Amino acid sequence: MGQLVEFPAEGSGAVLVEVSERAAGPVTRGMRDSAVIETAQQTFEDAVHRVEPAVQAVVAHLRSAAQTPDEIRVEFGIDLHAEVGAYIAKGGASANFLVSLTWRREGGAGPA
């Protein structure tokens with residue numbers, strides 16, 4: 001098992017996330033269920049909020065196309081880190097976004 005990081009949730013409770021790298025800076029450590037748990041320096045919501053501008057930019061750009069798609073689907077991985085929060089996970093040497101666009105024919109006509 002990797003290192004566990006506890007992200008406090010807004011309101012009450014917390015989200016435990018398994019991470020592969022140990023935090024390099026100061027963290028709070030505690031023992032729970034025989035595992036060392038680090039406490040993140042921000043809430044889970046704050047961490048995830050960091051990737052929102054990237055998602056909004058991708059969707060806004062696709063919606064501004066000359067032929068706006070009826071449906072936009074964007075998939076990407078999010079990595080969580082005790083110090084920096086969330087960031088878009090990379091695959092290989094660059095970040096990956098899987099984008100699917102759907103256009104529906106007007107009038108409900110089927111394929112010709």
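From a predicted model like this one, the values you see are computed outputs, not experimental measurements.
Taking Gln56 as the reference, Glu52 meet the side-chain hydrogen bond (donor to acceptor under 3.5 Å, both in side chains) condition, with sequence neighbours excluded. With sequence neighbours excluded, the residues that form a salt bridge (charged side-chain N to carboxylate O under 4.0 Å, His left out) with Arg73 are Glu75. For Glu71, the salt bridge (charged side-chain N to carboxylate O under 4.0 Å, His left out) partners two or more places apart in sequence, or in a different chain, are Arg104.
Residues in residues 39-51 take part in no salt bridge (charged side-chain N to carboxylate O under 4.0 Å, His left out) pair, two or more places apart or across chains. Residue pairs meeting the side chain to side chain donor-acceptor pair (under 3.5 Å) criterion with at least one member in residues 57-67: none, sequence neighbours excluded.
Hydrophobic cluster membership differs between Val58 and Leu98, with clusters built from Ile, Leu, Val, Met, Phe, Trp and Tyr side chains linked at under 4.5 angstrom.
Across every non-hydrogen atom of Val51 and Phe76, the tightest pair is CG2-CE1, 4.4 Å. Smallest separation of non-hydrogen atoms from Val5 and Ala40: CG1-CB, 3.8 Å. Minimum heavy-atom separation, Pro69 to Ile72: CG-CG1, 3.7 Å.
Put simply, the side chain of Val74 reaches to within 4.5 Å of the side chain of Val59, judged on heavy atoms.
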Please output the side-chain donor-acceptor pairs of residues 7-15 that fall under 3.5 Å, not counting sequence neighbours, one pair per line with the distance.
none

